[in-house]
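Shown next, in structure tokens, is the structure this report addresses.
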Amino acid sequence: MSKHQRIYAVVRQIPAGYVATYGDVAALAHLPGHARLVGYALHALPEFSDVPWQRVINAQGKLSLGRAFPGGELHQRHLLEAEGIVFGANGKISLKHFRWQPPSHEPAHEDVLKAQ
DNA sequence: CGCATGACCTACG
DNA sequence: TCGTAGGCCATGC
């Protein structure tokens with residue numbers, strides 16, 4: 001199983017109406033400190049897939065599509081707002097209220113595999 | 001194989 | 001709040 005597949009498996013666990021940071025996803029995919037790989041994995045994702053990439057944002061509560069896809073942030077914002085996420089006046093999401101907190105402290109690797 | 005780049009993070013001024 | 005520095009590693013030239 002590739003690291004990308006593990007990352008996608010974790011992102012698929014994020015329920016609508018919640019978000020997670022790149023660092024969170026990396027940790028849950030058992031890749032601590034490899035937040036950058038998460039960004040790269042999502043970048044390599046096809047436009048249409050079953051992975052809710054829009055629910056992954058950076059640790060500052062902002063969208064990070066700026067450098068990769070000009071104008072893509074607006075698209076992502078619309079997707080998130082359609083799921084109930086509310087943006088602040090500064091364009092940031094309140095991680096206090098919308099950050100996804102996984103059921104168990106650290107889901108077993110087997111659970112992630114079973115969810116496939 | 002080396003080097004630069006990037007949907008990042010944290011710590012520190 | 002902003003900028004800088006170090007760390008991370010897959011990908012492309």
Side-chain angles (χ1 to χ4, degrees):
Chain A
M1 187 176 197
S2 73
K3 292 173 183 175
H4 277 203
Q5 292 306 313
R6 282 215 299 266
I7 291 169
Y8 298 152
V10 171
V11 176
R12 273 192 285 258
Q13 313 278 316
I14 307 173
Y18 290 87
V19 296
T21 69
Y22 293 92
D24 289 341
V25 174
L28 291 172
H30 293 178
L31 300 169
H34 298 181
R36 204 156 192 169
L37 288 190
V38 176
Y40 203 92
L42 295 184
H43 186 207
L45 209 53
E47 184 175 1
F48 297 102
S49 71
D50 59 341
V51 180
W53 56 268
Q54 72 273 19
R55 294 173 197 154
V56 183
I57 63 177
N58 66 28
Q60 300 162 34
K62 296 202 294 189
L63 309 182
S64 302
L65 282 172
R67 301 198 292 278
F69 299 102
E73 290 193 356
L74 190 59
H75 180 212
Q76 182 174 13
R77 174 167 178 156
H78 287 331
L79 288 174
L80 292 175
E81 288 177 333
E83 295 179 351
I85 304 287
V86 179
F87 285 72
N90 49 14
K92 302 207 305 187
I93 296 172
S94 171
L95 290 174
K96 280 283 188 182
H97 297 110
F98 296 106
R99 188 180 214 169
W100 174 51
Q101 293 171 7
S104 55
H105 184 266
E106 181 172 352
H109 191 201
E110 305 81 52
D111 291 334
V112 175
L113 293 177
K114 258 187 285 188
Q116 283 297 304

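Chain letters run A, B, ... following the sequence lines, proteins first and then strands; every chain starts at 1.
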Pick out the pairs of N or O atoms, protein on one side and nucleotides 1-8 of chain C on the other, that lie under 3.5 Å.
| unit_1 | atom_1 | unit_2 | atom_2 | d |
| --- | --- | --- | --- | --- |
| C:dC8 | O3' | A:H34 | NE2 | 3.0 |

Trace of the side-chain contact (heavy atoms from CB on, under 4.5 Å) decision for A:V38 with A:H34: CA-CA 7 Å; A:V38 176; A:H34 298 181; over 6 Å; no
Would [X] and [Y] show up in the same hydrophobic cluster when neighbours are defined by side-chain heavy atoms closer than 4.5 Å?
X	Y	value
A:V19	A:V11	no
A:L65	A:I57	no
A:L79	A:Y8	yes

Of all heavy-atom pairs linking A:V56 and A:I14, the shortest is CG2-CD1, 4.2 Å
Given the options A:K96, A:H97, A:K92, A:S94 meets side chain to side chain donor-acceptor pair (under 3.5 Å) only with A:H97
Here the distance between atom P of C:dC9 and atom CD1 of A:I7, to the nearest Å, is 12 Å
- Should the heavy atoms of other residues, nucleotides or ligands under 6.0 Å from CZ of A:F87 be counted, would the total exceed 12? yes
With the criterion being N/O to N/O and under 3.5 Å, what pairs connect the protein with nucleotides 11-13 of chain C, and how long is each?
| unit_1 | atom_1 | unit_2 | atom_2 | d |
| --- | --- | --- | --- | --- |
| C:dT11 | O4' | A:Y40 | OH | 2.6 |
| C:dT11 | O3' | A:Y40 | OH | 3.4 |

| request: Would you check if A:R99 and A:T21 make a side-chain contact, meaning some heavy-atom pair closer than 4.5 Å? | output: yes
Ignoring hydrogens and angles, tell me if any N or O in the side chain of A:E73 forms a donor-acceptor pair with the backbone of A:G66 under 3.5 Å. yes
With 3.5 Å as the limit, what N/O pairs link the protein to nucleotides 9-13 of chain B?
| unit_1 | atom_1 | unit_2 | atom_2 | d |
| --- | --- | --- | --- | --- |
| B:dC9 | OP1 | A:A59 | N | 2.7 |
| B:dC9 | OP2 | A:A59 | N | 3.3 |

Derivation and outcome, side-chain contact (heavy atoms from CB on, under 4.5 Å), residues A:E83 and A:L80: CA-CA 5 Å; A:E83 295 179 351; A:L80 292 175; 4.1 Å; yes
